[in-house]
There are 2 protein chains.
Amino acid sequence: MATTSTQSTAEILRERILEGSFPPGTILRQDALAQLLGVSRTPLRTALAELARDGLVTYEANRGYTVRGFDVNDIRAAFEVRANLEGLACRLAAPRITGEQLDRLQRCVTEGDVILSKGVLDPDDLAPYRRLNVEFHETIIAASANPWIADFVGRTHNVPLASDRVFHWEDHAIIFRSHNDHHRILKALRDGQAMRAEALMWEHVTNAGDVLVEHVAPKITDRQAPVTFHSKDTGNP
Amino acid sequence: MATTSTQSTAEILRERILEGSFPPGTILRQDALAQLLGVSRTPLRTALAELARDGLVTYEANRGYTVRGFDVNDIRAAFEVRANLEGLACRLAAPRITGEQLDRLQRCVTEGDVILSKGVLDPDDLAPYRRLNVEFHETIIAASANPWIADFVGRTHNVPLASDRVFHWEDHAIIFRSHNDHHRILKALRDGQAMRAEALMWEHVTNAGDVLVEHVAPKITDRQAPVTFHSKDTGNP
DNA sequence: TAGAACAAGATTGTATCCAAGTTAAGGGGC
DNA sequence: GCCCCTTAACTTGGATACAATCTTGTTCTA
């Protein structure tokens, strides 16, 4: 295999935690967790140290790792920063974006048009549209030519419920407006209007945060009590 | 000891790399490095995984860790996002900063006045002034009540030469102007002028980046050839 | 009965050992 | 003579064993 056991362990754990398989406050017992994941404690511990650096789990010396909990304010704060960073990405990208990148953005927008032209939100279209959305944002960030933005925005996705893998695919009007933002952002970037692109992106992300917070707030209000993870648990509630 | 061996190893390594003790491209041989630091390979590897997550070293599966090199563009890019993030911190802090925090900012400014009133830059004043500077910025970031900003700005300090531990303590006019910015930023925050505080901080950080880049650019132009780290090396060139 | 001290069990942190992969050198074939 | 394959030394990755620390339950005392 081209990848190492530590890497795959970290990836699986990250996925599980972001999915919510391990409730916040869960104490991650290394022996049990290693057994569940089918690896020894050595790669598991390395993976945990990485996740701790990403803020997904907290660490206390000689007391192990626990799954970190995020409240509504953490999510709000994440979108606050992300709105600014992605706005900055637009401002930087406007004068230097390449034709090839503009083409890719155009493709995302056009394909999104097709999906949304139905007038209703087909559940089967969720995955493709989400992929388009991710590619649109990532292309702009890449066009900004500032690697820190990509890194930091990526880190704000390391939050359960705030990741762009969570998508509110219910209200056609909301998605339609969001997609319309993409149209305008692309237009602004093509015309080299840095400030306009920045303002549009800022509002675009800020509103997405508002929608998300409004939608998921009830889910997070009940703070789980600390829970211990044992080997008999499957990790899927 | 309250701290664990892994933690201290990571801290020492981080310090060493930021200082420049290990030139970019250095291949960090685990056996030799562990021997140098007086620990076994296990905690060392965990520490290295952490530093890799911070971007200080790069990792390739089955081929180990190498010290990452940063060029002028990386530093420029770091200041670009830092200027925006610290500007954002000001905007957020303006309406919610506490009296206690304003007092602390005032103290930083006043003590800085005393140091700079001499009219010349005494080398003995470098450390105290640098401490005041760090406290000023960190207080505002804390006042923004957005933990992501603190995290991300901290990460931009994880760059050799771009850390705030590097300070250009030569030109009195430059320092004086910079300190004058602090005066105005404090005034803006006290008066609740969010936009003004943001603009001032943006310019403040952007200019600091310009000065740094201009000053250190010659130092980085010569890109070191890849070098292997052996146990006989002391780590101090 | 409440509280503290102690001891046993459990859990984490570190070291050592073994396997798997990589790199480099030497030998054989064209 | 040059290229490729084989092989051996070296390095990294993972598993296991051992040491240090924490937790918990019990017992003894005031």
Side-chain angles (χ1 to χ4, degrees), chain A residues 1-14 17 22-23 25-54 56-68 225-233 235, chain B residues 1-14 17 22-23 25-54 56-68 225-233 235:
Chain A
M1 65 181 159
T3 175
T4 168
S5 170
T6 299
Q7 293 172 315
S8 61
T9 301
E11 208 44 50
I12 291 174
L13 260 183
R14 185 191 311 276
I17 292 176
F22 301 103
T26 303
I27 301 172
L28 296 172
R29 288 280 138 75
Q30 298 176 2
D31 230 334
L33 196 54
Q35 198 174 339
L36 174 74
L37 299 178
V39 295
S40 126
R41 276 179 55 215
T42 309
L44 170 66
R45 283 172 49 89
T46 310
L48 283 171
E50 262 189 49
L51 296 188
R53 203 77 202 127
D54 288 343
L56 274 172
V57 299
T58 61
Y59 170 73
E60 270 180 299
N62 293 317
R63 296 172 93 197
Y65 298 86
T66 64
V67 178
R68 173 173 163 196
V227 145
T228 307
F229 172 78
H230 289 107
S231 57
K232 59 183 174 184
D233 296 332
Chain B
M1 64 180 161
T3 176
T4 167
S5 169
T6 299
Q7 292 173 314
S8 61
T9 301
E11 207 44 49
I12 291 174
L13 260 183
R14 186 191 310 276
I17 293 176
F22 302 103
T26 304
I27 301 171
L28 297 171
R29 287 282 140 74
Q30 298 175 2
D31 228 335
L33 196 54
Q35 199 173 337
L36 173 75
L37 299 177
V39 295
S40 126
R41 274 179 54 216
T42 309
L44 171 66
R45 288 188 43 197
T46 310
L48 284 171
E50 263 189 47
L51 296 188
R53 203 75 200 129
D54 288 344
L56 275 171
V57 299
T58 61
Y59 171 73
E60 270 181 299
N62 294 319
R63 296 170 97 200
Y65 297 86
T66 65
V67 178
R68 174 172 163 196
V227 144
T228 307
F229 172 79
H230 289 108
S231 57
K232 59 183 174 184
D233 297 329

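Note that the coordinates shown come from a computational prediction; the quantities given were computed from them, not determined experimentally. Values below: every heavy atom of this structure, side chains too, minus hydrogens, waters and symmetry copies. Throughout, a chain's letter reflects where its sequence line sits, starting with A, and its residues are numbered from 1.
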[X] side chain near [N] phosphate (N/O to OP1/OP2, under 4.0 Å):
X	N	result
A:Q30	C:dA10	no
B:R63	D:dT12	no
B:Y65	D:dT11	no
B:T4	C:dT12	no

For this session: Look at all strands and tell whether A:T6 reaches a base, only sugar-phosphate, or nothing, counting heavy atoms closer than 4.0 Å.
Result: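 Answer is sugar-phosphate: A:T6 comes under 4.0 Å of backbone atoms only.
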Whole-Å gap separating [atom2] ([N]) and [atom1] ([X]):
X	N	atom1	atom2	answer
A:D31	C:dA10	CG	C1'	10 Å
A:I27	C:dT12	CD1	P	9 Å
B:L48	D:dT12	CG	P	10 Å
A:L33	D:dG14	CG	P	15 Å
A:L44	D:dG13	CG	P	16 Å
B:Y59	C:dG21	OH	C1'	11 Å
B:N62	C:dA19	CG	P	17 Å
B:Q7	C:dT12	CD	P	15 Å

For this session: Kindly indicate, with the supporting measurements, whether the criterion side chain to side chain contact (heavy atoms under 4.5 Å, CB included) is fulfilled by B:N62 and A:T4.
Result: CA-CA 8 Å; B:N62 294 319; A:T4 168; 5.7 Å; no
Side-chain contact test, heavy atoms from C-beta onward, threshold under 4.5 Å: evaluate it for [X] versus [Y] and give yes or no.
X	Y	value
B:R45	B:Y65	no
A:L37	A:L13	yes
A:Y59	A:R53	no

Exercise. So among B:V57, B:L51, B:L44, which one has a side-chain contact (heavy atoms from CB on, under 4.5 Å) with B:L28?
Worked result: B:V57
N/O to N/O distances under 3.5 Å, protein versus nucleotides 15-20 of chain D:
from: D:dA15; atom 1: OP2; to: A:S40; atom 2: N; distance (Å): 2.8
from: D:dA15; atom 1: OP2; to: A:S40; atom 2: OG; distance (Å): 3.3
from: D:dA15; atom 1: N7; to: A:T42; atom 2: OG1; distance (Å): 2.8
from: D:dT16; atom 1: O4; to: A:T42; atom 2: OG1; distance (Å): 3.4

Exercise. Counting side-chain heavy atoms from C-beta on, which of D:dG14, C:dT22, C:dT14 comes nearest to B:R45?
Worked result: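 Nucleotide nearest to B:R45's side chain: D:dG14.
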Exercise. Would you say the side-chain atoms of A:T66 and A:T58 include a donor-acceptor pair closer than 3.5 Å?
Worked result: yes
Exercise. How long is the span from the CZ atom in B:R68 to the CD1 atom in B:I17, to the nearest 0.5 Å?
Worked result: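 The distance works out to 11.5 Å.
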